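Everything quoted here is computed from the prediction, not taken from an experiment.
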Amino acid sequence: MGLGVFSVVVLVVVVGGVGWWLLRSEPAAWAEAGEEVDELPDAAEIAARLEASIQAGITRPITPGTTRTLEIPIDAANAWLETRLGLWLAAMERELPGQVSAMRFAARPGVVTGMVLLEHEGHQQVISADATARVNPDGTMTAELLALRLGRFPIPLSFVVDRLEDMSQQAGSRVGYQAGAYLRDGAEANGHTFPVVGPLPNDTRDLRITGFTIESDRVLVDVVHE
């Protein structure tokens, strides 16, 4: 074997090994988010308080012309996913696809990372997506998908969309199809734009989101009543 061929073989082996390691490795943010929840004094209580504070912040009357800011700490949001999401889905007679065993968030200024742990035939894999969002001058909001990863390896959007739709079909649910459509729209040049005003439950008022700020440990949402 010539030196040139040998070098190519070594390069292929090294690149393949690194690629396989990246695919099978969990993002550092996954473990860090789990550790933050574990360090909470009472994850279930903190999740319940977050839920109650958001509900109260949305529905409690706001003086006309005044903005209220809702604070969503990332560790509390992860505690909610761990302890409350299943209860909400069951109440709505919904469920996550069977292969989804856990979900977590991470954040850095301007960017939220959503992470999902998939399990299939004894194998585990974390899929993560980086996204940002902004409120536009016309009152709509735009969510933009920045990156997708399988483990720590960047992956094409089509892989995740197809996987979500496969899981949705197996579970007899449209959750995966809806998530896949959202990802497709969010990855396009202008992102996924949608209205952020709607009626409050059992109320004559509307709620409008007027601001959305992502910090390293929390998300701030500005709301008004109309």
- [ ] Measure the spacing between CD of Glu226 and CZ of Arg205 and express it to the nearest 0.5 Å.
- [x] 12.0 Å
Task: Spacing of Thr59 atom OG1 and Leu207 atom CG [to the nearest 0.5 Å] - done: 9.5 Å
Open item on the list: Please identify which of these residues, Val223, Val224, Val221, Thr210, meets the side-chain contact (heavy atoms from CB on, under 4.5 Å) condition with Arg68.
Closed with: Val223
- [ ] Apply the side-chain contact (heavy atoms from CB on, under 4.5 Å) test between Asp75 and each candidate in Glu36, Glu39, Glu35, Arg218; give the one that qualifies.
- [x] Glu36
TODO: Mind checking the CG-CG spacing from Leu200 to Asp206? Nearest 0.5 Å is all I need.
DONE: 7.0 Å
Task: Closest approach of Leu85 to Met103 (non-hydrogen atoms, all atoms of both residues) - done: CD2-SD, 3.9 Å
TODO: Measure from the side-chain N and O atoms of Arg104 to the backbone N and O of Trp30, and report whether any donor-acceptor pair falls under 3.5 Å.
DONE: yes
TODO: Would you confirm whether Thr66, through its side chain, and Ile62, through its main-chain N or O, come within 3.5 Å as a donor-acceptor pair?
DONE: no
TODO: Determine, using the 4.5 Å side-chain heavy-atom cutoff (strictly less than), whether Val116 and Leu150 are members of one ILVMFWY cluster.
DONE: yes
Open item on the list: Are Leu220 and Val135 linked, directly or through intermediate hydrophobic residues, by side-chain heavy-atom contacts shorter than 4.5 Å (ILVMFWY only)?
Closed with: no
- [ ] Say whether, by atom type as modelled, one donor and one acceptor occur between the side chain of Thr132 and the main chain of Glu144 under 3.5 angstrom.
- [x] no
Open item on the list: Working note: Met141 + Phe194, criterion side-chain contact (heavy atoms from CB on, under 4.5 Å); need CA distance, chi angles, decisive distance, verdict.
Closed with: CA-CA 6 Å; Met141 177 178 281; Phe194 49 93; 3.7 Å; yes
Open item on the list: Looking at Arg149 and Pro27, would you say the former's side chain and the latter's main chain have a donor-acceptor pair under 3.5 Å?
Closed with: no
- [ ] Indicate, with yes or no, if Leu70 and Val197 share a hydrophobic cluster defined by side-chain heavy-atom contacts under 4.5 Å among Ile, Leu, Val, Met, Phe, Trp and Tyr.
- [x] no
TODO: To the nearest 0.5 angstrom, please state how far the CD1 atom of Ile72 sits from the CG atom of Asp217.
DONE: 12.5 Å
Task: Over all atoms of both residues, closest heavy-atom pair of Ala43 and Val37 - done: CB-CG1, 4.0 Å
Open item on the list: Between Asp130 (side chain only) and Thr113 (backbone N and O only), is there a donor and an acceptor less than 3.5 Å apart?
Closed with: no
Task: Interatomic spacing from NE2 in His225 to CZ in Arg60 - rounded to 0.5 Å - done: 9.0 Å
Task: Nearest atoms (heavy-atom pairs only) where Ile46 meets Pro41 - done: CD1-CD, 3.9 Å
Open item on the list: For a quick test of reading the model, state the closest non-hydrogen atom pair linking Thr83 to Ala47 and the distance between them.
Closed with: OG1-CB, 3.3 Å
Open item on the list: Is any side-chain heavy atom of Leu118 closer than 4.5 Å to one of Val100?
Closed with: yes
Open item on the list: What verdict does the side chain to side chain donor-acceptor pair (under 3.5 Å) test give for Thr142 and Asn136, after you've listed the backbone C-alpha separation in whole Å, the side-chain angles of each residue and the deciding distance to 0.1 Å?
Closed with: CA-CA 7 Å; Thr142 297; Asn136 303 310; 2.9 Å; yes
- [ ] Could you pull out the closest heavy-atom pair between Leu50 and Pro73, with the gap in Å?
- [x] CD1-CD, 4.0 Å
TODO: First locate atom CG of Leu40, then atom CG of Asn78, and finally report the distance between them rounded to the nearest 0.5 Å.
DONE: 9.0 Å
Task: Contact summary for Gly114 and Phe105, nearest pair of heavy atoms - done: CA-CD2, 3.9 Å
